[in-house]
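Ligands are counted one by one from 1 in listed order, and the atoms in each one are counted from 1 as well.
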Amino acid sequence: EEPGRLARFQERIDAEERIEPNDWMPAAYRRTLIRQISQHAHSEIVGMLPEGNWITRAPSLRRKAALLAKVQDEGGHGLYLYAAAETLGVTREELVDQLLSGAAKYSSIFNYPTLTWADIGAIGWLVDGAAIMNQIPLCRTSYGPYARAMIRICKEESFHQRQGYEIMLTLCRGTPEQKAMAQDALNRWWWPALMMFGPPDSESQHTAQSMRWKIKRFTNDELRQKFVDATVPQGLYLGLTFPDPDLRFDPETGHWRFGAIDWEEFRRVLAGHGPCNRERLEARRRAHAEGAWVREAALANAAKRRQRTAY
Ligand code: ACO
């Protein structure tokens with residue numbers, strides 16, 4: 001029975017059918033999705049922290065309103081994604097516990113500090129730009145609830161990218177000091193943004209199987225190259241220099257070639273030793289503890305309502 005089921009499942013995938021929560025699926029497919037969707041959700045939630053740091057210091061009311069909206073969007077994305085993961089039979093409490101205990105991963109990028117206002121521009125431009133590159137194909141991922149969640153998320157991400165690029169543009173057209181801030185932010189965020197796409201294909205444990213299941217539509221290296229090709233002309237338009245002496249356009253392939261990524265740094269950040277790993281987890285743990293009374297009150301209210309309707 002099992003081999004037949006597996007073959008039929010793969011046929012559905014090959015025929016581009018969406019897999020829905022009540023459909024039969026291999027245990028490893030379910031595990032992979034829970035892992036990826038929950039890591040994605042955690043990334044959105046932890047991703048609120050570096051930018052949240054600048055809400056009270058945004059340089060104008062307009063900038064503050066846009067940043068506030070963006071950070072709220074990220075909270076919303078996290079909640080959609082937790083809900084999508086829950087359709088696979090895991091509970092929200094389990095997922096949150098995995099994040100707070102340090103057992104679950106979230107994107108490496110959110111372990112870097114936001115030192116100046118220009119970092120808010122660089123995050124929108126580069127981090128949200130990388131996120132869109134990775135997430136547009138996820139709108140066609142084989143698991144229905146994940147694919148549907150990604151459609152709205154991607155619309156909001158593209159607004160985030162635009163607001164970041166516009167901050168960079170304003171700084172680059174400003175005083176020499178403002179332009180220098182923009183350059184410094186690019187210098188610090190460029191390489192970590194390239195690491196967001198994950199390890200090189202040759203070292204990626206999950207890519208081959210996730211491609212067969214059409215969870216992933218492109219490999220890590222393919223998406224990284226697409227991102228570099230799209231982003232370098234944007235940086236040149238700003239009049240900025242990329243912190244990579246090996247970056248050059250290859251007219252034969254039409255791609256921008258880039259230098260070697262420091263995978264040692266990537267491994268250090270994943271192992272919990274990035275510049276802000278400890279601070280990020282502490283902030284999430286504090287928020288969870290301080291929100292305990294809200295959860296208790298909501299549960300007490302729900303219990304009361306149930307009692308009332310029972311009479
Ligand atoms: N940061 C932290 N962990 C990472 C990163 C990263 N940048 N890249 C890869 N990893 C982890 C993987 O999660 C995996 O860990 P695990 O086996 O312990 O679960 C391990 O490194 C090996 O990597 P891969 O085999 O390449 O893993 P995978 O096939 O899952 O590919 C990728 C990684 C591309 C991040 C994929 O999971 C994905 O597309 N996720 C959805 C998008 C997402 O999570 N984005 C978050 C950042 S964007 C944002 O939130 C704004």
Side-chain angles (χ1 to χ4, degrees), residues 28-29 31-51 70-71 73-82 84-85 95 98-99 102-112 122-143 146-147 149-150 153-154 156-161 164 189 191-227 261-263 265-274 276-277 280:
Y29 177 84
R31 260 200 316 277
T32 295
L33 279 167
I34 292 176
R35 180 183 64 77
Q36 178 167 327
I37 300 172
S38 64
Q39 287 176 359
H40 193 166
H42 299 326
S43 303
E44 298 282 357
I45 297 296
V46 178
M48 297 165 80
L49 297 170
E51 290 171 293
K70 175 182 195 278
V71 172
D73 286 349
E74 278 153 12
H77 297 174
L79 299 182
Y80 281 168
L81 288 165
Y82 282 131
L95 297 176
Q98 287 167 9
L99 173 66
K105 288 196 175 74
Y106 58 85
S107 183
S108 51
I109 194 77
F110 301 118
N111 293 305
Y112 292 85
I123 289 181
W125 173 36
L126 301 173
V127 175
D128 293 287
I132 294 173
M133 203 50 97
N134 164 277
Q135 293 176 12
I136 292 282
L138 291 175
C139 297
R140 295 185 296 119
T141 195
S142 57
Y143 187 58
Y146 192 23
M150 290 319 299
I153 291 178
C154 283
E156 293 178 346
E157 296 287 6
S158 65
F159 153 67
H160 298 170
Q161 196 271 353
W189 290 93
W191 291 108
L194 296 190
M195 294 175 195
M196 286 175 69
F197 294 93
D201 294 350
S202 56
E203 283 165 42
S204 163
Q205 287 158 260
H206 305 293
T207 294
Q209 183 56 259
S210 289
M211 295 281 284
R212 275 196 291 278
W213 278 331
K214 300 193 178 181
I215 293 174
K216 286 168 93 161
R217 295 280 178 166
F218 294 97
T219 71
N220 299 357
D221 287 332
E222 284 167 354
L223 289 173
R224 192 169 7 249
Q225 184 65 56
K226 275 171 177 280
F227 173 73
I261 294 174
D262 181 358
W263 292 113
E265 173 177 328
F266 176 72
R267 276 188 284 272
R268 258 198 321 275
V269 174
L270 256 62
H273 307 302
C276 301
N277 294 60
R280 300 290 182 241

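Judged by the shortest distance from any of its heavy atoms, Q135 lies inside the 4.0 Å radius around the atoms of ligand 1. Residue Y146 places a heavy atom less than 4.0 Å from ligand 1.
Applying the salt bridge (Lys or Arg N to Asp or Glu O under 4.0 Å) criterion to R267, with sequence neighbours excluded, gives E203, E264. Residues that satisfy the salt bridge (Lys or Arg N to Asp or Glu O under 4.0 Å) test with E156, not counting sequence neighbours, are R152.
Atom 8 (N) of ligand 1 has as its closest protein heavy atom G198 CA, 3.1 Å. Summary of contacts: the protein heavy atom closest to atom 21 (O) of ligand 1 is L270 CD2, 3.9 Å. The nearest protein atom to atom 35 (C) of ligand 1, hydrogens excluded, is given as M196 O, 4.2 Å; this is a heavy-atom distance. Among all non-hydrogen protein atoms, the one lying nearest atom 27 (O) of ligand 1 is H206 CD2, 3.5 Å. In terms of protein heavy-atom proximity, atom 24 (P) of ligand 1 is closest to S204 OG, 3.4 Å.
In summary, the atoms of ligand 1 found under 4.0 Å from a heavy atom of F197, numbered by their order in the structure, are 34 (C). The atoms of ligand 1 that sit less than 4.0 Å from any heavy atom of Y106 are 1 (N), 2 (C). In summary, the atoms of ligand 1 found under 4.0 Å from a heavy atom of K216, numbered by their order in the structure, are 26 (O), 28 (P), 29 (O), 31 (O). Here is the list of ligand 1 atoms found below 4.0 Å of a heavy atom in A131: 48 (S), 51 (C).
For the pair D73 (side chain) and E157 (backbone), a donor-acceptor distance under 3.5 Å is absent.
One finds no salt bridge joining K226 and E222 here, because no Lys/Arg side-chain nitrogen approaches an Asp/Glu carboxylate oxygen to under 4.0 Å.
Within the 4.0 Å cut-off (strictly below), no protein heavy atom is located near atom 32 (C) of ligand 1.
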